[in-house]
Every structure is written in structure tokens, then in C-alpha cells.
Amino acid sequence: MIGLIDCNNFYASCERVFNPKLEGKPIGILSNNDGCVIARSNELKPLVPMAMPAFKIPPHIKKQITLLSSNYELYGDMSQRVFSIVQDYIIDTELYSIDEAFLHLQHQRNPVEYCRNLRKIIRQSTGIPVCVGIAPTRTLAKIANHIAKKKVGSQGVYYLDPNASDFIEQLEQLPISEIWGIGRQLSAKLSNMGIRTAWQLRNFDAHFIGKQFSVVLERTILELRGIACIELEDIHTPKKNIMTSRSFGKATNNIDDLHDVIRLHASRGAEKLRTQQSLAQAILVFLRTNRFGEQQSQYHPSIVIPLLYPTNDTRHIITAAQEGVCRIFKEDYSYQKAGVMMLDIVDQNKRQLDFFSQTEDTETKTRSNQLMSTLDTINKKMGRNTISFGGINTNAQWNLKRDLLSQRYTTRWDELPVVKMM
């Protein structure tokens with residue numbers, strides 16, 4: 001059984017915790033340099049569309065609403081507080097974004113009531129409202145969470161049971177564009193095939209869809225049927241957050257090891273940003289001790305680092321990520337996992353600039369784009385990490401344990417030297 005816990009209107013909720021006068025009022029959170037609206041309270045959604053530039057909001061609307069700059073330090077701290085509580089009650093937790101996490105609930109006899117109690121504890125302890133969707137698969141849990149936010153009488157928690165009488169009705173009412181991992185372009189292609197709802201997709205030939213599109217979409221169909229087969233790393237569509245993380249083969253308390261692995265994840269996250277032609281406005285860095293080590297002291301820190309301007313340049317993201325490591329590292333703990341999350345992602349071709357904003361000059365931006373393009377081209381042709389920033393220690397103890405790994409039968413990149421860039 002999988003649960004998805006999601007903080008409701010997270011950025012706006014964080015602001016309301018410390019300014020109760022904002023409760024019930026329309027709130028908009030602005031991007032870096034106060035450019036565009038990147039988060040909205042429920043009250044603001046009918047008035048201002050997402051990503052609208054602040055200067056385009058009509059004056060009569062501006063008088064009714066409250067616009068605030070992004071306070072990433074606050075949001076990061078509140079995220080840490082919320083999910084620290086979650087991990088106290090549910091050990092097996094997978095952070096998905098700054099305001100979402102998947103919960104493994106297979107050991108709970110009554111997961112619905114358990115999550116309702118957890119929801120109350122989080123609200124009482126942090127002031128942040130959350131909802132939980134529960135289902136046999138991650139895809140259905142995302143849908144269940146969507147229902148939990150809207151269904152009257154759910155008390156913020158909803159169990160989407162494939163055997164329940166309303167299961168068909170719920171999927172028939174859900175557009176395919178609302179399904180986890182299905183973006184705008186894919187949604188349009190499926191609509192042209194007559195697939196417009198989650199129920200229609202569930203009943204389509206999964207094997208045919210896999211051949212026409214991707215194995216991930218084929219697995220999505222299976223997930224809609226209640227068969228769990230998607231991991232977080234399988235979802236590659238453009239999204240508001242991108243996370244790269246990994247558990248270590250062996251725990252470490254060496255900060256140099258952590259810098260190495262964080263640099264690796266920051267590089268991979270930046271590469272993913274460029275692949276989907278996006279920019280990040282902030283990053284979240286987190287460390288985890290072994291949650292299953294009962295005799296081990298636990299420490300699960302995270303920190304949000306704002307970026308000077310939206311970027312997908314590996315160098316800038318690595319610099320910010322390593323600063324984050326320095327600020328949260330404590331040498332008294334052994335760490336089992338680390339990761340980097342790209343936050344508040346925007347389209348690199350549609351970001352709103354301000355005349356007074358601190359941005360890259362044209363020459364610097366052009367050189368950055370050329371360098372990153374060359375880096376990606378070489379690594380794609382010659383193998384990942386052929387060129388890396390600072391080098392990649394393939395023998396580090398934090399590397400994923402793969403003692404039974406077979407040979408790379410179809411590649412020859414093992415013999416190539418790794419070129420280090422500083």
C-alpha cells in the first residue's frame with residue numbers, strides 16, 4: 001500500500017503560519033526577482049493564472065490580493081519540519097518534492113485512520129495543512145491525493161480502491177492530463193487516439209501503447225490497473241521539481257565523500273534540466289542517515305539554496321549544492337543517502353525577465369550555453385561522466401553497491417579516461 005502526502009498550497013501555507021492575517025485571503029508567491037506567479041492559494045487561482053508576470057496583473061486585481069517574494073529559506077525549513085514528523089511515524093518514506101513524499105504503508109492495519117491522525121499531528125505541530133492519497137500504486141496514490149483535496153467528507157485522506165464501487169467513476173472523471181507523468185504533448189497525442197480519461201487509458205492495450213510511446217506509459221496503464229511497477233526515477237516528463245538521489249553502498253561520515261556524491265547528483269540534475277529545456281530557481285540538498293539502523297542516531301537534514309538567477313548551468317548548481325552540504329553536515333552521524341532537488345522549474349524559453357533583475361549578461365549566457373551543450377554532447381556520445389566537474393570517484397565507498405554487475409557488453413567507455421573540469 002502506497003500513500004502520497006502533499007502539503008496544500010505549500011508556499012502560501014508557509015506564509016500563513018507566520019502571518020495569520022493572510023488566512024482565507026488570495027496569496028501569490030513570485031519567482032526570483034519577483035517576476036512571475038509561481039504558487040497560488042486556492043483563493044487566488046480564479047483570479048490569476050499560473051506563471052502570469054506580476055506586471056501584467058490588472059490593477060483592480062492587485063488591490064484584492066497579496067503578492068510575496070519567494071522565501072526559499074522559510075519553505076525549506078518548513079519542509080524539513082513537516083517531513084521530519086512524517087519520518088517519525090512512517091519510517092519508509094521517499095521524498096518526491098519540497099512538499100510531497102511517498103509513504104509505504106504496508107505495515108499499517110488501518111492506513112486511512114493512521115494517516116488522518118498523522119495529518120492532525122502535522123497541522124498541530126507545524127500549522128501546515130496536508131492531504132494523503134492511498135492506493136496500491138504510486139500512480140493511483142497521486143490520483144487519490146487529488147481526490148482527497150476535493151472530496152467532501154474525506155477528512156483530507158482518501159483510499160482509492162480498484163475494487164470499490166466508485167473506482168470506475170473516479171477514473172472516468174479524470175482527464176489524462178492529470179495523470180502522473182503525462183505531460184501536455186503526450187496528452188494531446190493520446191487524445192488524438194480517442195484516449196481522454198484515465199479510465200480509457202487503463203483499458204487500452206498496454207503492449208501497443210508501450211510500442212507506440214514508451215515503456216513508462218505502458219507501466220502507467222498497469223499502475224492504473226493496480227499493479228505496482230513504477231519507481232520515482234521512471235518519470236521523465238517535464239515537471240516542477242527534479243530530484244536525483246541514491247542510497248550509498250556503505251555509510252559515510254566523511255564530508256569529502258558527501259561533496260563528491262552531491263556534485264554528482266547536482267550534475268545529473270542540471271543535465272535533466274537541459275534535456276527538458278528548463279531552468280531551476282532554487283535547489284534543495286538533503287542528507288539521510290540509515291532509517292533502518294535502530295541503534296543508530298538519526299539525522300535527516302535538508303536545506304533550500306536560492307539561485308542568483310534561473311539557471312541550468314552545472315557549475316552554478318554544483319556551487320550552490322556544495323554550499324548546502326557545508327551548512328547541514330554534522331560529523332557525528334553516518335550518512336546512508338544524499339540527494340539534490342531542482343526547485344521551481346521554468347521553461348528556459350518563456351521565463352519573464354525584469355529590467356532591474358540581476359541576470360547573466362548576453363556573452364556569459366552564450367558561453368555557458370555553448371559549454372553545457374558541448375558537455376552534454378560529449379557525455380552522450382562517449383558515456384556519462386566522461387567529462388565531469390571535479391571528477392567522479394568510481395571507487396568511492398558511497399557508490400551504489402553492484403558486486404554482481406555484468407560487463408558492459410555493448411559499450412567501450414570503461415577504457416576511456418575521465419576528463420576533470422574545475
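One is the number of the first residue; the rest follow in order along the sequence. Only a predicted model underlies this, so the values are computations on that prediction, with no experimental measurement involved.
Side chain to side chain, Thr139 and Arg219 fail the donor-acceptor criterion of an N or O pair below 3.5 Å. Side-chain atoms of Ser69 and Asp34 form a donor-acceptor pair, as typed in the model, at a separation below 3.5 Å. Of the N and O atoms on the side chains of Tyr11 and Asp344, at least one donor lies less than 3.5 Å from an acceptor on the other residue.
Relative ring orientation between Phe102 and Trp180 is described as tilted, the plane-to-plane angle lying within the 30° to 60° band. Between Tyr335 and Tyr333, the ring-plane angle classifies as tilted under the 30° and 60° cut-offs.
A salt bridge links Arg315 and Asp313; the closest N-O separation between the charged side-chain nitrogens and carboxylate oxygens is under 4.0 Å. Between Glu15 and Lys25 there is no salt bridge, since no side-chain nitrogen of the basic residue lies less than 4.0 Å from a carboxylate oxygen of the acidic one. We find that Glu178 and Lys150 are not joined by a salt bridge, their nearest charged nitrogen and carboxylate oxygen being 4.0 Å or further apart.
The two atoms that bring Ile29 and Ala12 nearest to each other are CG1-N, 4.3 Å, heavy atoms only. Taking each heavy atom of Leu307 and Ala280 in turn, the nearest pair found is CD1-O, 3.3 Å.
In terms of modelled atom types and a separation under 3.5 Å, the side chain of Gln80 and the main chain of Ser302 share a donor-acceptor contact. Between the Arg116 side chain and the Ser154 main chain, a donor and an acceptor come within less than 3.5 Å of each other.
Rounding to the nearest 0.5 Å gives a distance of 4.0 Å between CD of Glu100 and NZ of Lys142.
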Going through the checks in order, is the salt bridge (Lys or Arg N to Asp or Glu O under 4.0 Å) test met by Glu94 and Arg138?
-> CA-CA 11 Å; Glu94 295 176 284; Arg138 287 182 172 85; 2.4 Å; yes
